[in-house]
Amino acid sequence: MIIAIDGPAAAGKGTLARRLAEKFNFAYLDTGALYRAVGLTLLKQGIDPTDTKAAEAASTDLDLGLLDDSDLRAEATGGAASKVAAMPAVRANLLDFQKNFAKRPPEGKAGAVLDGRDIGTVVCPDADLKLFVTASPEVRAERRRLEMEGRGQRADFDAILADVRARDERDMGRKDAPLKPAEDALLLDTSNLDIDAVFLRAVALVQERLKPQ
Ligand code: CDP
Ligand code: CDP
């Protein structure tokens, strides 16, 4: 079974995907982390993230060590990720890994959950369940602010909101695999839902699909 979770920044995709994977013994892939690793490679080298050649090179020979880097989750890394993610060659370089993960999850796992922007539309168009998780930009910016505060980082709501909006625009506006719900995706607006409420809804949807027909 394959579950595709897409949606904009800080909608709660990762939290939901992780909890579903744990509950149903599925493997989990955070595909945004791959784009973040490419973006972070350039930032660390002082290269502008709009440099197509450098981004292509970084995505061809992805430094997987960066997936554990403490800067991976920074909003600046998210911004750089959304710039390299608009480049067709970078997307193409990362696509096979994601498709293979979904088709052949690690041993002992009963399925796979992937979260990102184009899982339901491009990476796993045949997924058994597609969720498009959203929330208003203000709610998402506040979630990010709380996260940063929790890590002891300085967090200005207006600056975070501006970053979230800029990233939404880049992700929805690009030509290649833009952020949009797949036609057969179920929309889940989490603006007024806490994590447990979202999780319970999603669990019910997965269980429906696991029932023998
Ligand atoms: O993966 P994505 O960027 O979509 O979001 P996330 O990292 O799962 O969630 C961002 C933050 O929002 C986390 O701190 C979650 O705990 C929080 N969250 C929330 O407060 N309410 C939800 N319904 C979902 C997530
Ligand atoms: O956690 P958050 O929602 O803030 O972002 P992320 O999922 O870590 O993704 C970072 C950036 O990578 C996004 O803003 C997208 O530009 C890009 N991305 C993408 O283009 N396609 C994906 N499947 C996943 C991420």
Side-chain angles (χ1 to χ4, degrees), residues 4-21 28-40 49-50 55 59 66-67 69 71-88 90-95 97-99 101-102 113-125 127 130-151 153 155 160 163-180 182 188-202:
I5 302 183
D6 290 302
K13 305 178 299 294
T15 309
L16 176 61
R18 254 181 226 106
R19 286 188 65 173
L20 287 175
Y28 167 54
L29 181 65
D30 169 5
T31 66
L34 305 176
Y35 291 92
R36 282 175 181 266
V38 176
L40 188 54
T50 57
S59 62
L66 289 177
L67 296 178
D69 194 289
D71 290 330
L72 193 74
R73 296 280 135 215
E75 197 44 45
T77 307
S82 75
K83 289 177 184 160
V84 301
M87 301 168 189
V90 169
R91 303 201 72 83
N93 282 338
L94 299 180
L95 189 59
F97 178 81
Q98 299 172 75
K99 279 184 179 281
F101 184 93
V113 189
L114 288 84
D115 83 327
R117 300 292 185 291
D118 62 340
I119 309 302
T121 51
V122 176
V123 179
C124 304
K130 298 180 184 178
L131 298 175
F132 194 85
V133 184
T134 65
S136 72
E138 290 77 11
V139 166
R140 291 185 283 120
E142 178 59 11
R143 287 178 184 166
R144 272 284 187 268
R145 194 189 66 77
L146 287 172
E147 261 180 353
M148 289 171 70
E149 222 175 52
R151 290 197 293 254
Q153 291 167 348
I160 298 170
D163 281 345
V164 161
R165 285 190 195 280
R167 198 133 68 86
D168 284 357
E169 268 175 40
R170 266 201 297 277
D171 289 349
M172 293 188 292
R174 67 180 175 231
K175 282 213 178 70
D176 195 11
L179 168 66
K180 65 170 182 200
L188 247 154
D189 187 333
T190 72
S191 302
N192 298 305
L193 293 179
D194 66 15
I195 295 165
D196 287 339
V198 176
F199 177 61
L200 287 177
R201 284 191 195 191

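Each residue takes its place number in the sequence, starting with 1. For ligands, and for the atoms within them, numbers begin at 1 and follow the listed sequence. The structure displayed is predicted, hence computed values, not measured ones.
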### Message
I'd like to check the salt bridge (Lys or Arg N to Asp or Glu O under 4.0 Å) partners of Lys13; sequence neighbours left out, ordered by chain and number.
### Response
none
### Query
When you look for heavy atoms under 4.0 Å from ligand 1, do you find them on the side chain of Leu146, its backbone, both, or neither?
neither
### Message
Can you tell me which residue among Lys180, Arg165, Arg117 is in a salt bridge (Lys or Arg N to Asp or Glu O under 4.0 Å) with Asp171?
### Response
Arg117
### Message
Please give me the minimum heavy-atom distance between Ala11 and Val133, naming the atom from each residue.
### Response
CB-O, 3.3 Å
### Task
Check each heavy atom of Leu193 against ligand 1 and say whether those closer than 4.0 Å belong to the side chain, the backbone, both or neither.
backbone
### Query
Glu147 and side chain to side chain donor-acceptor pair (under 3.5 Å): which partner among Arg143, Arg144, Arg151?
Arg144
### Query
Any salt bridge between Arg73 and Asp30, counting N to O under 4.0 Å?
yes
### Task
Identify which one of Arg170, Glu169, Arg36 satisfies the side chain to side chain donor-acceptor pair (under 3.5 Å) criterion when paired with Ser82.
Arg170
### Query
How long is the gap from CZ on Arg91 to CD on Gln98, to the nearest 0.5 Å?
7.5 Å
### Expected output: side-chain Thr77 to main-chain Asp71 donor-acceptor under 3.5 Å
yes
#### Entry: Which of the ligand 1 atoms, numbered from 1, are nearer than 4.0 Å to a heavy atom of Glu147
7 (O), 10 (C), 11 (C), 13 (C), 14 (O)
## Note on the structure
Quick look: Val198 vs ligand 1, heavy-atom contacts under 4.0 Å, and the answer is side chain
### Query
Around ligand 2, what residues show up once you keep those with a heavy atom under 4.0 Å from it?
Ala9, Ala10, Lys13, Thr31, Gly32, Tyr35, Arg36, Arg73, Ala81, Ser82, Ala85, Arg91, Gly116, Arg117, Asp118, Arg144, Arg167, Asp171, Arg174
